Protein chains: 2
Amino acid sequence: MSSNSDKILGIDLGGTRIKTGLVDPQGNILLSKNFLTSAELGRQKALKRIVKIIKKLVKIYTQFGSKPNLIGIGAPGVIDRAQGIIKHSPNLPDWNEVPLAQLIAEEAGIPTFMDKDANVVTYGEKWIGAGQDFQNFVCLTLGTGVGSGLFLNGRPWFGNQGSGPEFGHVTIEPRGEPCGCGNRGCLETLASASHLVKRAQKGLDKKIPTLLGELLNHKTKPLTAKVVYEAARRGDPFCISLFADLGRYLGIALANMVHTLLLEGVILGGGLSKASTIFLPYLEKEFNKRLTMADSKLISIRISSLGEKSGILGAARMAKERQNK
Amino acid sequence: MSSNSDKILGIDLGGTRIKTGLVDPQGNILLSKNFLTSAELGRQKALKRIVKIIKKLVKIYTQFGSKPNLIGIGAPGVIDRAQGIIKHSPNLPDWNEVPLAQLIAEEAGIPTFMDKDANVVTYGEKWIGAGQDFQNFVCLTLGTGVGSGLFLNGRPWFGNQGSGPEFGHVTIEPRGEPCGCGNRGCLETLASASHLVKRAQKGLDKKIPTLLGELLNHKTKPLTAKVVYEAARRGDPFCISLFADLGRYLGIALANMVHTLLLEGVILGGGLSKASTIFLPYLEKEFNKRLTMADSKLISIRISSLGEKSGILGAARMAKERQNK
């Protein structure tokens, strides 16, 4: 039994949960293990714990003859891709300048690469997801925020600085709501789960007629995007209108993206993309109306086909591609 | 005396005027000749006349031992770059599906390439203009409309369809004024000379206090962007406010472009860029405010350094680069 293998450990680091998977060259997740980020322990303790768990995982896989030859990590926030450092992250308060890739590489004894979570998802979709046949496409991750990754000529695009496109922070409504980034009217304020919930809460506060109150069991349950989706799915006009607005704004943003780059495709991922059954018709109608200088029939808008596995698979692929460079 | 040379004939085709220049490999315009487009003659007659003039020019240059080995044309409207066809053009009504490159190539006996005017200007700025040191930049031509060209990794970007970026038609104000393209609130409705003049006219109609009336000599002169600029330059608050708005909207649009692609530079060309002394401070302030996810200090915003020659020089360069491919 060889002590080395062609497997890669993919790590999807989130503010709450860490998902890992041992990925084979065909994109199968052979073994997977999820655990809590436990950021509330404080940065030092949480990091120590995470590195220890990864090290233990590698040890077990090695004993079974499947030692990963690479580790890939997708992480939220502003990432120094080259150095593998989390510069800062809204979801991981006080994790500033954390050289996570190096910490893991040293403890596990395996080359480790890190990238922004949305970039990693985009790698995954291109590899074995909804973007396999695309050369030029954008991938949006609709979650708490709006992340983005971009491929041009079949290769990821990072530009002259930073960790890749920040399409969640293009201005769509010049006098719109303030965004956490300091700008206002960003796409993120119009198409993220957190802002959707904000708007739903405003509706509840204003006593707008809606199924939400009932679904929340008179406030014993927290208001989440999932609850807003459930209400919309049951035909609640107020919640449907929230998703309609979200879809329309995505349509405007994507028409802008296509006018700028004449892409062939768009992929929508992230937790909120599950609600596309409701918002996609509004998105497509607005997209077609706004896209006056390109043929919308030549552009595919697709939903992520990897779903929750996109982070693990994408992290593995990212590590592989960066090792080969 | 050699009958062939290393010179290229660059042609800048406009709705009113056609500028041509014999360009040497160093980017000098050795000889130049401008003439009227005369579109009012009707498509067939106007085209016949243009082709005849070009043929005559080539003959004269040949007699002097400077026969161009290539012809490059920059043309307004929707261009089929590969075939050298003007598909349609708002500035040249009824010029639909005109195979201009082929007509000229056949008559003059010289390989001829055609591209969209804004693409051609971008080639010129990259070659010997304001963008020589840029690898990733956008070039906007601010004129009657807003044209755009894009270079990524030092090469022009055209995308999956059409004739390159249509950044003039990204939506900046979702509920803004209708644009000629069918969309509303496009950058072109907020930052072009034609819309600037529209707003100035509205101000005059509403009797807003302004120097414009005086400058127009009680309406004996037509209201143009140049007149609005002159009034602003003399300190007219109304006209300054028009340029301030234009600058701010350009600032929003360019921050969006940089968030999307993390470019290193922006070049502003076209007739209206001469008014940058007035609008640039507003543009830069808005750009810096909106650009929250990238370092604006790493991005240069420059005014075209080729000015009115950019079309001729860019057309020559475009032909050269496409011949080499």
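Please read all numbers here as calculations on a predicted model, not as lab measurements. Letters go in sequence order (proteins before strands), and every chain restarts at 1.
In this structure a side-chain-to-backbone donor-acceptor pair under 3.5 Å is missing from A:His259 to B:Glu166. A donor-acceptor pair under 3.5 Å links the side-chain atoms of B:Arg290 to the main chain of A:Pro174, judged by distance alone.
A:Trp157 places a side-chain heavy atom less than 4.5 Å from the side chain of B:Leu261. Contact of the B:Leu263 side chain with the A:Asn160 side chain is not registered, since no non-hydrogen atoms from C-beta on lie closer than 4.5 Å. In this structure, the side chains of B:Thr260 and A:Met257 come closer than 4.5 Å at one or more pairs of heavy atoms. Side-chain atoms of B:Asn256 and A:Phe167, non-hydrogen and from C-beta on, never get closer than 4.5 Å to each other.
Contact tally against chain B (heavy-atom pairs below 4.5 Å) for A:Val78, A:Val138, A:Ile172, A:Asp295: the top residue is A:Asp295. Chosen from A:Arg248, A:Arg175, A:Lys289, the residue pairing most often with chain B at heavy-atom distances under 4.5 Å is A:Arg175. Between chain A and the options B:Cys186, B:Ser148, B:Pro165, the largest number of non-hydrogen pairs under 4.5 Å is found for B:Pro165.
Heavy atoms of B:Leu152 lying under 4.5 Å from chain A belong to its backbone as well as its side chain. Neither the backbone nor the side chain of B:Ala255 comes within less than 4.5 Å of any heavy atom of chain A. Both the backbone and the side chain of B:Arg184 come within contact range of chain A, each with at least one heavy atom under 4.5 Å from a heavy atom of that chain.
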